[in-house]
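Every chain is numbered from 1, with letters handed out A, B, ... down the list of sequences. Owing to the predicted nature of the structure, the values given are computational and were not obtained by experimental measurement.
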2 protein chains.
Amino acid sequence: MRVLVVEDFEVMARSIANGLRREGMAVDVVLDGNDALEHLVATRYDVVVLDRDLPGLHGDDVCRRIATDGRESRVLMLTAADTVKDRVDGLGLGADDYLSKPFDFSELVARIRALGRRSNRPLQPILECGDVSVDSNRRIAFRSGCRLELSAKEFAVLECLLSSKERVVLSDELLERGWDEFVDPYTTTVKTTIRRLRIKLGDPPIIHTVREGGYRIGEL
Amino acid sequence: MRVLVVEDFEVMARSIANGLRREGMAVDVVLDGNDALEHLVATRYDVVVLDRDLPGLHGDDVCRRIATDGRESRVLMLTAADTVKDRVDGLGLGADDYLSKPFDFSELVARIRALGRRSNRPLQPILECGDVSVDSNRRIAFRSGCRLELSAKEFAVLECLLSSKERVVLSDELLERGWDEFVDPYTTTVKTTIRRLRIKLGDPPIIHTVREGGYRIGEL
DNA sequence: CAACCGCTGACACCGCCCTGACACCGTGCC
DNA sequence: GGCACGGTGTCAGGGCGGTGTCAGCGGTTG
């Protein structure tokens, strides 16, 4: 899952980003609204975590812009205020969810996950294919009832493949959805991650290679 | 927008339903979980407003069932409790959003609206001709139900022929659509690829040659 | 602070099969 | 028969993806 954190207080921004990365998300950070808009036209994010009180371009404006442009991303608005009026305002601007500071980190994660599920078309909280299943919320994966111990990247790739179940997913697409903006586009890390994933998934093989492009998960 | 309200306390249920109707939504009401499931198989709802504390079948169970069956609807969970743990739990079960009682009605509406604006993805293009079919998304081809193992070029050519079903496709056109711009225009590779494709497609022949021109796919 | 561990990503190597060229053959038309 | 076009058999090479390994990094633990 690809997340953009927009928060001007750098310490907070970093802390959120690192926390989310530990949860296996690919996180980019920007410190102001204009930067946010630039990133949003360049990259497809599943979820934008948006501080409402930004210097310069206000969070509300960013939110409105995201809502007007054909929205690809879900917006989770962060704010210091917490009156019902604020919450309704936020949702009215096109935010998809709302969280007031101070917040509990596990709740932030839960809400981002819930939003992320909606942005992926087949919006199933539990993704399945054959005897392989992942629970995005709990970040656990199974094969024929057996729990798999997956690393963050392995999980991200598996999740991505499953969310496009049976469809071919290009390596570039995996890279885009599972890694942050600083990744070398010629990296071989997807190849390596797929390999590790295959080993952990065991037999019979369920991740298929499509020459000249990418991978597909499916029983045949 | 089609909404199902699941709430055992009838006064509350009616009040919510009427309020939503005033907002222009089509609302059905049921008072318990089993009824909810029945309605869900019969009708496609955009949003389900689900009370967590239901007599009989618990809200969590309903939620889980919605999540397991290919979910069409988004779930907004209503609850009396409002601890962080509860909220995380709810989202973890596959609810898409969460609201604790007592809630502000305008916030309920805003959240339902936020959940409601979603589109269904377009159908995947499957090209067919006679007993030959190609699924572009999955990069899979079949002949009379039997999976064909095609290489990238073979697949590209077959796809191209099928997309111009029954029409003559010139070799140059195949070259243009299946190869990159640097290909030698006098190459014989299309000829070779067609041959390999014919072998894999087997009998009866379905790719026909048009002298001086190209190829056509069709049953006769 | 040192030792350790798991995750990540780079890199080198290897083997396969895809690719495309070429030579030859079959066929229909002049 | 000769020619032109397309089908067939075959072969070399190279590209792509799989595999094994290693080093760096960050977090954790004693």
Criterion side-chain hydrogen bond (donor to acceptor under 3.5 Å, both in side chains) on B:Thr209 and B:Arg198, from CA distance to verdict: CA-CA 11 Å; B:Thr209 306; B:Arg198 277 175 167 151; 2.7 Å; yes
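- Here the C1' atom of nucleotide C:dC18 and the CG atom of B:Leu148 are 17 Å apart, to the nearest Å.
- Computed from coordinates, the B:Leu197 CG to C:dT19 C1' distance equals 15 Å when rounded to whole Å.
- Side-chain atoms of A:Ser163 and A:Arg177 include a donor-acceptor pair closer than 3.5 Å.
- Using a 4.0 Å heavy-atom criterion, one finds that B:Thr188 contacts the bases of the nucleic acid, with or without backbone contacts as well.
- Applying the 3.5 Å distance criterion, the base of C:dG20 shares a donor-acceptor pair with the side chain of B:Arg196.
- When each of D:dT8, C:dC11, D:dT21 is scored by its nearest atom to the side-chain atoms of B:Arg195, the top-ranked nucleotide is D:dT8.
- With distances taken from any side-chain atom of A:Tyr215 to the nucleotides C:dG20, D:dG18, C:dA10, the minimum falls on D:dG18.
- Using modelled atom types, one finds a donor on one side chain and an acceptor on the other under 3.5 Å when comparing B:Glu159 with B:Ser136.
- Distances were taken from every side-chain heavy atom of A:Lys191 (C-beta onward) to each of C:dG20, D:dG17, C:dT8; the shortest belongs to D:dG17.
- OP1 or OP2 of C:dG20 lies within a sub-4.0 Å distance of a side-chain N or O belonging to B:Trp179.
- Taking both residues in full, the closest heavy atoms of A:Tyr45 and A:Asp28 are given as OH-OD2, 2.6 Å, listed atom of the first, atom of the second, then distance.
- If you measure from atom OH of B:Tyr186 to atom P of C:dC22, you get 15 Å, rounded to the nearest angstrom.
- Across the protein-nucleic acid pair, B:Ile199 atom CD1 and C:dC18 atom P stand 13 Å apart, rounded to whole Å.
- Of the candidate nucleotides C:dA23, C:dA10, C:dT8, C:dT8 has the atom nearest to the side chain of A:Ser151.
- Counting atom types as modelled, A:Arg21 pairs no side-chain N or O with a base atom of D:dG26 as donor and acceptor under 3.5 Å.
- Scanning both residues, A:Asp180 and A:Val27, for their nearest heavy atoms gives CB-O, 3.6 Å.
- Following rounding to the nearest Å, B:Ile194 (CD1) and D:dT8 (P) show an atom-to-atom distance of 12 Å.
- As rounded to whole Å, 14 Å separates atom P of C:dC7 from atom CZ of A:Phe155.
- For the pair A:Arg211 CZ and C:dT19 C1', the interatomic distance rounds to 9 Å; values are reported in whole Å.
- The shortest distance between the side-chain N/O atoms of A:Thr209 and the OP1/OP2 oxygens of D:dG18 is below 4.0 Å.
- Rounded to a whole Å, the CZ atom of A:Arg22 is 13 Å from the P atom of D:dG26.
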